[in-house]
Amino acid sequence: MHVCRPFILVVCALASIGATTMKAQAADVAAETPAPDAGQQLHAMLERYFEEWLQLNPLLATFIGDPRYNDQLPNSIGPEHRAQVRAMNERYLAEARAIDVVKLSPADRISHEIFVYERERMRAAERFPDHLLPVNQTGGLVTLMPALGSGTNAQPFATARDYENWLQRLDGLATWLDQAIVNMREGIAKGVVQPRPVMEKVLPQLEAMLVARAEDSTFFAPVRRFPESVSAADRERLTIAYTRAIEDDVVPAYRRLHDFVRDEYLPKTRSTVAWSALPDGAAWYAHYVQEHTTTAMTAGEIHQLGLSEVARILGEMDRVRQQVGFDGDLEAFFTHLETDPQFYFTNGEDLLAGYRDLQVRIDAALPKLFSVFPKANYEVREVEAFRAQSAAGASYQQPSADGSRPGIFYVNTFNLKAQPKFGMETLSLHEASPGHHFQVAIQQELEDLPRFRRFGSDYTAYVEGWALYAEYIGKELGMFTDPYQWFGRLNDEQLRAMRLVVDTGLHAKGWSREQAIQYMLDNSTLAPTDVESEVERYIAWPGQALGYKVGDLAIQALRRRAEAELGEKFDVRDFHREVLSDGGVPMDVLEAKIERWIAGER
């Protein structure tokens, strides 16, 4: 663990000062030094907390552009690390509760409230053994580390020292993969195991790492393109070191996990898909629902909300069918959109080029609705081949905090039938600007906020709710003039509405995987492969899919309230500034903030 040691200045004259005199002087200094006020206490505590958090979570430091821990990868699912996190959480929760909240400024009160909220949620999560389910098909270190090691991600490879840092970080990967096996064996013994469809998707991800030669590995990519700053001697030395690390450590570790999953774990996976089928599963799922929505809504209430939204959106879809003059019912229109070649690209490069063109168009329109903009840019990039088969259709990765490394809008070209042309405007709005890229980059750049809020607060309802709201304002940005693109907007909104039904259906209402898949096929134009991937994502990541629509509807409701109460004084750019200017927060905190803003604008 990194420890900062204060510089000690030794002055010879101190030797002649008696102990009594020194104590008297120290007492005088203490009497003259005012005790820190509550705000100072809070700021100092939050800064200490985030420094300790980065030491325990060095990958976060890498992603935000802090290079101090680029050589570290802790065994985050091991008992020692989990105990450290638990002890740190308890210590800071007690310290936060000791601060006199009454003496804090309104802004500091928000930070204090969020900090305590997060510590209490971490404490509540300790009841549930997530560490026994360390691997699924949606992500995690199994696929994140190859992406980082590709040389085109957040991990820097600009100097010989950068290459050495990555080698040291790789040392921790084998430990983590072996710990995953230990934990999953414990999970088998306790009946805490993944459903079979989840692990069937994991096997190909692991198999992709089992190369015969280091040169064939994703981890070898940085060696193929050394920068000029790396000398010939260092290149030779590092090439040998990378070859040994990949062939002797990394590939064998992946093989151990692969063989364990195939031979030992897969036969013990469960036939059920509901989280409620696990020990303490009903409470576990209820925890996830609250975690991702930051509301008191129950699974039953969310299910009913989803059903009503699905019905409403189907009606709007049918109006588009009539507008374009399609001769047939809505089901036939869905089939037409799914099967007509005019709606799909035939190669991935054309799809990527289309998104890059949209980036230019949307960026030019943003000043109509926004007065604040991120400093960082983003780039459109293809999902890497090794994870494309099980990855989502699109995703976003944040830039470095200083904007020197851009954000990434990842587009999956594995199945072009899952990437219709009519869905491009809405997907770009959601993943890039003014959706995830806008919100995440602006949050990171809010230097007046404590760092735990700039880089740590990740509330699904706020983050994904904002991205879905970004689709909602597309017409105001000049998008969706083509009725088919507007249908794409409705189709994506329908996806988020169906998630409310399917996630709660799977985990709280006894739905089967097949029932969930059929429901989504019946109510959208999503490709069967896309639907299967979506449903299996909800199975592996319960509750997360609920945050999108819940957050979006809350932001829309706040805007309508502001428009109604402010009338001509309402400026949408000011509203968006207020929503974005404190970063991610629970939805009740956002509501209280907007209410205060409305009162101040009257």
Side-chain angles (χ1 to χ4, degrees), residues 133 135-140 142-144 146-147 194-208 261 266 269 273-275 292 306 334 337-338 344-345 348 351 381-397 409-420 422-424 426-427 430-431 436 460 464 467-468 488 491-507 511-549:
L133 301 168
V135 176
N136 63 50
Q137 84 287 11
T138 65
V142 167
T143 54
L144 176 60
Q194 296 281 18
R196 186 177 183 90
V198 167
M199 300 310 295
E200 286 175 339
K201 291 296 192 300
V202 168
L203 275 176
Q205 295 175 340
L206 297 173
E207 286 168 2
V261 170
L266 200 59
T269 51
V273 294
W275 216 257
H292 290 294
F334 284 175
L337 293 171
E338 292 167 11
Y344 299 91
F345 289 105
L351 177 66
R381 189 181 297 179
E382 185 176 24
V383 171
E384 300 91 347
F386 72 86
R387 64 185 181 98
Q389 184 173 356
S390 56
S395 61
Y396 172 76
Q397 180 177 298
F409 171 19
Y410 277 112
V411 178
N412 196 339
T413 61
F414 177 78
N415 177 17
L416 293 175
K417 286 289 291 179
Q419 298 283 7
F422 55 78
M424 293 178 67
T426 190
L427 189 59
H430 182 102
E431 297 292 348
H436 284 322
T460 307
E464 297 295 352
L468 188 49
N491 202 45
D492 271 18
E493 185 182 18
Q494 185 74 317
L495 168 61
R496 282 46 175 263
M498 291 188 299
R499 284 173 173 173
L500 301 181
V501 179
V502 171
D503 193 288
T504 54
L506 287 165
H507 297 297
W511 283 28
S512 67
R513 170 181 174 274
E514 291 70 29
Q515 184 179 355
I517 289 172
Q518 192 59 52
Y519 179 84
M520 296 186 74
L521 289 173
D522 289 345
N523 289 284
S524 73
T525 66
L526 290 171
T529 54
D530 213 23
V531 167
E532 182 177 311
S533 176
E534 285 286 329
V535 169
E536 290 174 354
R537 168 185 159 186
Y538 313 149
I539 291 170
W541 199 3
Q544 191 271 348
L546 306 178
Y548 298 70
K549 206 75 173 70

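Residue numbers start at 1 and run along the sequence shown.
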Partners passing side-chain hydrogen bond (donor to acceptor under 3.5 Å, both in side chains) against [X] (at least two apart in sequence or in another chain):
X: Gln494; answer: none
X: Glu338; answer: none
X: Asn136; answer: Thr138
X: His292; answer: Thr460

Tell me the closest heavy-atom pair linking [X] and [Y], and the distance in Å.
X: Ala527; Y: Ala418; result: CB-CA, 4.2 Å
X: His507; Y: Pro542; result: NE2-CB, 3.5 Å
X: Leu416; Y: Tyr344; result: O-CD2, 3.4 Å
X: Gly139; Y: Thr143; result: CA-OG1, 3.5 Å
X: Ala545; Y: Asp503; result: CB-OD2, 4.0 Å
X: Gly348; Y: Thr413; result: CA-CG2, 3.9 Å

Who are the salt bridge (charged side-chain N to carboxylate O under 4.0 Å, His left out) partners of [X], not counting sequence neighbours?
X: Glu382; result: none
X: Glu532; result: Lys201, Arg513
X: Glu431; result: none

ring-ring contact (aromatic ring centres under 6.0 Å, His included) with [X]: which residues, sequence neighbours excluded?
X: Tyr519; answer: Trp511
X: Phe334; answer: none
X: Phe409; answer: Tyr355

[atom1]/[X] to [atom2]/[Y] distance, rounded to the nearest 0.5 angstrom?
X: Leu546; Y: Glu464; atom1: CG; atom2: CD; result: 12.0 Å
X: Asn523; Y: Leu495; atom1: CG; atom2: CG; result: 11.5 Å
X: Leu337; Y: Asn491; atom1: CG; atom2: CG; result: 8.0 Å
X: Leu521; Y: Met498; atom1: CG; atom2: CE; result: 8.5 Å

message: My understanding is that only residues two or more places apart in sequence, or in another chain, count here; which of them pass side chain to side chain contact (heavy atoms under 4.5 Å, CB included) with Tyr410?
response: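 Applying side chain to side chain contact (heavy atoms under 4.5 Å, CB included) to Tyr410 gives Asn153, Arg381, Val383, Glu384, Arg387, Ser395, Gln397, Ile408.
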- prompt: After noting the C-alpha distance and the side-chain angles of Glu493 and Lys549, does the key distance pass the salt bridge (charged side-chain N to carboxylate O under 4.0 Å, His left out) rule?
  reply: CA-CA 8 Å; Glu493 185 182 18; Lys549 206 75 173 70; 3.2 Å; yes
So does [Y] get a backbone contact from the side chain of [X], meaning a donor-acceptor N/O pair under 3.5 Å?
X: Gln419; Y: Asn412; result: yes
X: Ser533; Y: Thr529; result: no
X: Gln205; Y: Gln137; result: yes

Do [X] and [Y] touch side chain to side chain, with heavy atoms closer than 4.5 Å?
X: Val135; Y: Val261; result: no
X: Leu506; Y: Val535; result: yes
X: Glu200; Y: Glu536; result: no
X: Leu468; Y: Tyr548; result: yes

- line: side-chain contact (heavy atoms from CB on, under 4.5 Å) test vs Met520 passes for just one of Leu526, Asp530, Val501, namely Leu526
- prompt: Which pairs count as salt bridge (Lys or Arg N to Asp or Glu O under 4.0 Å) when at least one residue sits in residues 410-420, sequence neighbours excluded?
  reply: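 For residues 410-420: none.
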